[in-house]
Amino acid sequence: MRIAVVSDGHGGGRLREVGSSDAGEGSLWRVGHLSGAIADYEEHTGGTARWVWASTEELYSALMDHSLRVSRCHDVALVESLLLAYHGRCGEPRSLGAAWARLHGREVPPDPGQRPGEGAEPQPTLFEPDLCTVPPDVDRLTALIEVHADQQRRIAELPHPSRFALLCAVESAGALAAVEMAHAGVPWRADVHDAILTEQLGPRPTGATRPPVLADLATRISAEFGRDVNPDSPAQLVKAFAAIGHPVESTRSWALERVDHPVVPLLLRYKELARLHAANGWTWLEQWVRHGRFRPDYIVGGVVSGRWATRGGGALQIPKVVRRAVVADPDWTLISADAGQLEPRILAAVSGDTALATAAKADDLYAPLADAFGGDRDRAKVAMISAMYGQTGGDAAPLLRTMRHAYPRAMEYVDDAARAGEEGRLVRSWLGRTSPPPSAMWRRIVFGDDVAAADNGRERPDGARQARSRGRFTRNFVIQATAAEWALVFMAAVRRRLTGLDTSHGVPQMVFFQHDELVLHVPQAIADSAVEQVREAAEEARTLVFGATPVRFPLDIAVVECYADA
DNA sequence: GGAATTCGCCAC
DNA sequence: AAACGTGGCGAATTCC
C-alpha cells in the first residue's frame, strides 16, 4: 500500500492512496494533524504502508518533532536523482517540482539551495523557500501522484527493475534513518572531550590565541629555524626549510619525516595538535554538542558513489583520539558493527570470480589470498587494493600480474570498468546507481584535437593522463558504489529489526553510520538480542543484494561502553 | 573585504 | 614507501 502525502505547512495535510491493485486512486483525506494520521495508519497497517512524499528530509524532520516513526517511504527527490543519473543526467534538478516540470515539458526550476546561476536575483528572505518547487497554480498532491507514477513506470522499463527498485527503497530508508539519527544524536560526553583537549593542548585559552602547548611549540619551531615562522603556513615552512639547507618539496608529514633536523619532530607534533584544535577543539564542541548529543547533519547519497556526506561537523572524520568522548548512557551500551573487508568481498560477489569468492568465504579474505603471493599477506592486500583503486606506481605492476593470473574474472571486472571510464562511458553499481558522465572539458581534453586542448589552461592538459584518471574513478566506482548499497540494505534491515526489540528499558536506536559501519545505542538489557538482529540483518543484506552468492560478509561487532574501545 | 582556491590532514 | 578511489573541513593564500 502506497500513500501519497503532502503537508499544508501548518501541521495538517492531504493524503491519497496510490497504485492500489483496485486500479484508480483511493479517496482523498484531508487531516488537521498529519503526524497523528500517519501514526494511526502505521499502526493500523502494521508498518506495511509506504509513504510517498517529495522529500524525507523536509517532511519527516518536521514529523519527527512529534515523535512519529514511519516504516517505509518513497522519496521522490532521491529516486529522481537515481533515475536521472541512470540516464546520464546526473546533477539535473531533482525536486518534485523539477520532475513534474520535465514530465509536462515546462521550464525546469533549479533545486532549492542550488546556486540560481549568474545574474539571477538573490532569494528573497521574506518567505520560506518553496522546497518542492511545484508551480503555485498546480496542486502539489496531484503533481506528487503523477511524478510517482511516472517514476514507477521508468523503473519498470529498466533492464533490472527489481534491483533498481531495491536501490530506491533503501535510498529512501536511508533518508528515514538519517533523519532519525540526527534526531537521536551520538551520545557525547562534553566533559570527557574537554579533558582530552586540556590534556593534549593545555588549558583552553581565552580569545583567539593559541592554546599553551601549541604556542610553546610554535616558539620552539621559530627558534630552531632562527626566524619567525608561522607553522600553519606551508609557504613559510618551505622557505624556512630551504634557508636551513633542507629543501622540501612539500610540508606534508611524510615528506618532513625524511628530513633529519631537530625542528621536524616539533613540527609534526604541532601539526597533529593543531589539527585536533582546529577540527575537533573547543569551538567544535560548543557548536556541535548539546545536551550530551552530537547531531550530524547527513546528506543521503551526497557522494556520487552513494556514500553519505555530512553538512558541517565532520561526522565522517571523527578522529580516533576524540572517540573516547563517545560514551553510552548509564545502563546503555554502544554496539558497533563494521563490515570487514567489504570492498574486496563486493568485488568477489559482482565479478563471479570463483577463486576470489572461495577466498571470500574466510573471515580474513587476505589469508587465502596470500597463497598466491608466496604466503605474504601484506603483498596480497596491497595487490587487491591496487586492483580496486587503480594504482600502477610503486611495485604494483608485478602484484597486479599475479592478481590477473590468480583471479582473472575479478580483474576483468575492474579492468572493464576502467576501460569504460577511459572511453567516456558510464558505469553502474550492482543495483544500478550510475556514475556521472565525464565533463565537457574532459571530453575536449581527451577526445578533442591538441589545439583545442592546449587552448585552455597554462599547462597543457594531457589527454591520456585525464583518461587514466577517469578510468581509476570508474574502476573504483563499481566497487565503492556497490559496497555503499550493501551497507544501505544492511542498515535498512537493522532499522526494521530494531523495532521488534523489547522497548521496556528504552528505545534502541541507530546513532551513527559511516560507510561500512553502523553504531547502535541500546539498553544493556537487550544488547544480546540487538547483536543477534544485526547479524541476521547482514545475512539478509547478502541475500537481498546478491542472491545465492557464496561470498560472506562477516561483521566485526563490538559491544562497548566507549566508542574508542570498538 | 569577501569569494574562490590551495594545501594538508582526517575518515572510510 | 608513498601518488591510489570517495569525501569534509580549516587556515592560509590568492583572486576580484
Side-chain angles (χ1 to χ4, degrees), chain A residues 115 118 208 210 214 218 229-239 248-258 267-268 270-281 283-284 287-288 296-299 301-323 336 338-344 346-347 378-379 381-397 399-400 414 417-418 421 427 429 433 435-436 465 468-484 487 512-518 563:
Chain A
R115 278 244 64 79
E118 282 172 331
R210 286 192 177 109
L214 281 179
V229 175
N230 175 5
D232 289 318
S233 165
Q236 286 185 32
L237 285 175
V238 168
K239 281 185 194 154
V248 289
E249 68 275 23
S250 83
T251 61
R252 288 170 168 83
S253 299
W254 62 263
L256 299 184
E257 276 162 17
R258 294 150 53 146
L267 203 43
L268 293 175
Y270 179 90
K271 279 169 164 287
E272 191 186 341
L273 293 178
R275 164 83 194 175
L276 172 66
H277 181 238
N280 295 97
T283 311
W284 182 93
Q287 191 178 351
W288 287 98
D297 192 3
Y298 294 103
I299 306 172
V303 179
V304 288
S305 64
R307 294 200 322 191
W308 290 9
T310 53
R311 236 178 321 248
L316 302 180
Q317 307 125 253
I318 299 188
K320 309 270 190 206
V321 280
V322 304
R323 293 186 182 187
S336 154
D338 186 315
Q341 306 168 341
L342 180 57
E343 295 193 346
I346 291 291
L347 175 56
D378 287 347
R379 276 162 56 83
K381 186 172 174 178
V382 170
M384 176 56 82
I385 286 169
S386 299
M388 293 188 303
Y389 287 177
Q391 180 177 342
T392 52
D395 50 357
L399 297 178
L400 289 175
V414 287
V427 294
S429 70
R433 193 187 301 271
S435 68
R465 193 171 53 81
R468 277 197 302 275
S469 168
R470 185 167 173 84
R472 285 193 300 275
F473 165 59
T474 50
R475 172 189 292 270
N476 186 249
F477 182 94
V478 295
I479 305 298
Q480 189 183 112
T482 306
F512 191 53
F513 177 58
Q514 180 173 235
H515 309 316
D516 58 3
E517 180 187 11
L518 194 55
Y563 187 36

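Chain naming here is simple, since letters A, B, ... match the order of the sequence lines and numbering starts at 1 in each.
- Counting to the nearest Å, the C1' atom of B/dC10 and the NE2 atom of A/H277 are 17 Å from each other.
- Among the protein residues, A/S233 comes within range of the sugar-phosphate backbone only, with heavy atoms under 4.0 Å from sugar or phosphate atoms but none that close to a base.
- Relative to the side chain of A/F473, the nucleotides C/dG5, B/dC10, B/dC12 differ in distance, and C/dG5 lies closest.
- In this entry the distance linking CD1 of A/I299 with C1' of C/dC9 reads 13 Å, nearest Å.
- Comparing A/S469 and A/P234, the nucleotide of DNA chain C nearest to each residue sits closer to the 5' end for A/S469.
- Looking at A/F473 and A/V304, their side chains come closer than 4.5 Å, going by heavy atoms from C-beta outward.
- No contact: A/L342 has no heavy atom under 4.0 Å from any strand.
- For A/Q514, the listed nucleotide lying nearest its side chain is B/dC12; candidates were B/dC12, C/dT13, B/dC9.
- In the set C/dG5, C/dG10, B/dG8, the nucleotide with an atom closest to the side chain of A/Q480 is C/dG5.
- Within the structure, a side-chain polar atom (N or O) of A/T251 is placed less than 4.0 Å from OP1 or OP2 of B/dG8.
- Taking atom OH of residue A/Y389 and atom P of nucleotide C/dA2, one finds them 20 Å apart after rounding to whole Å.
- A/S386 comes within 4.0 angstrom of no nucleic acid atom, judged by non-hydrogen atoms across all strands.
- Nearest heavy atoms, A/L237 versus A/N230: CG-O, 4.4 Å.
- Computed from coordinates, the A/R258 CZ to C/dA1 P distance equals 10 Å when rounded to whole Å.
- Closest contact between the side chain of A/K320 and the listed nucleotides B/dC9, C/dT13, B/dC12 involves B/dC12.
- A/N280 comes within 4.0 angstrom of no nucleic acid atom, judged by non-hydrogen atoms across all strands.
- Which of C/dT13, C/dC9, B/dC12 sits closest to the side chain of A/T310 comes down to C/dC9.
- Between C/dT13, C/dA11, B/dG8, one nucleotide has an atom nearer to the side chain of A/A278 than all others, and that is C/dA11.
- When each of C/dG10, B/dC10, C/dG5 is scored by its nearest atom to the side-chain atoms of A/N476, the top-ranked nucleotide is C/dG5.
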Can you check side-chain contact (heavy atoms from CB on, under 4.5 Å) on A/Y563 and A/I318, steps first, answer last?
CA-CA 11 Å; A/Y563 187 36; A/I318 299 188; 5.7 Å; no

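- Distance CD (A/E343) to P (B/dA11): 17 Å, rounded to an integer number of Å.
- Of all non-hydrogen atoms in A/R470 and A/P436, the two that sit nearest each other are NH2-O, 2.7 Å.
- Minimum heavy-atom separation, A/F513 to A/A487: CZ-CB, 4.0 Å.
- Between A/F512 and A/Y298, the two ring planes are tilted [angle within 30° to 60°].
- Computed from coordinates, the A/R210 CZ to C/dA11 C1' distance equals 11 Å when rounded to whole Å.
- Comparing C/dG5, C/dA11, B/dC9 against the side chain of A/K271 picks out B/dC9 as the nearest.
- Taking only distance into account, the side chain of A/R252 never meets the base of B/dC7 through a donor-acceptor pair shorter than 3.5 Å.
- Within 4.0 Å (heavy atoms only), A/R323 reaches sugar-phosphate atoms of the nucleic acid but no base atom.
- Atom C1' of nucleotide C/dC4 and atom CZ of A/R468 are separated by 13 Å, given to the nearest angstrom.
- Here A/S305 does not reach the OP1 or OP2 of C/dG7: none of its side-chain N or O atoms lies under 4.0 Å away.
- Using a 4.0 Å heavy-atom distance criterion, A/G313 is classed as a sugar-phosphate-only contact.
- Note that the CG atom of A/L316 and the OG1 atom of A/T310 stand 4.5 Å from one another [nearest 0.5 Å].
- For A/Q317, taking side-chain heavy atoms from C-beta onward, the closest of the listed nucleotides B/dC10, C/dA12, B/dC12 is B/dC10.
- Residue A/V303 has its side chain nearest to C/dG7 when only C/dG5, C/dT13, C/dG7 are considered.
- Atom C1' of nucleotide B/dC10 and atom CH2 of A/W284 are separated by 13 Å, given to the nearest angstrom.
- Residue-level contact check: A/R311 touches the backbone only, with heavy atoms under 4.0 Å from sugar-phosphate atoms and none from bases.
- One donor-acceptor pair, N or O on each side, does fall under 3.5 Å between the base of B/dC9 and the side chain of A/R275.
- The phosphate of C/dG5 (OP1 or OP2) has a side-chain N or O of A/R472 nearer than 4.0 angstrom.
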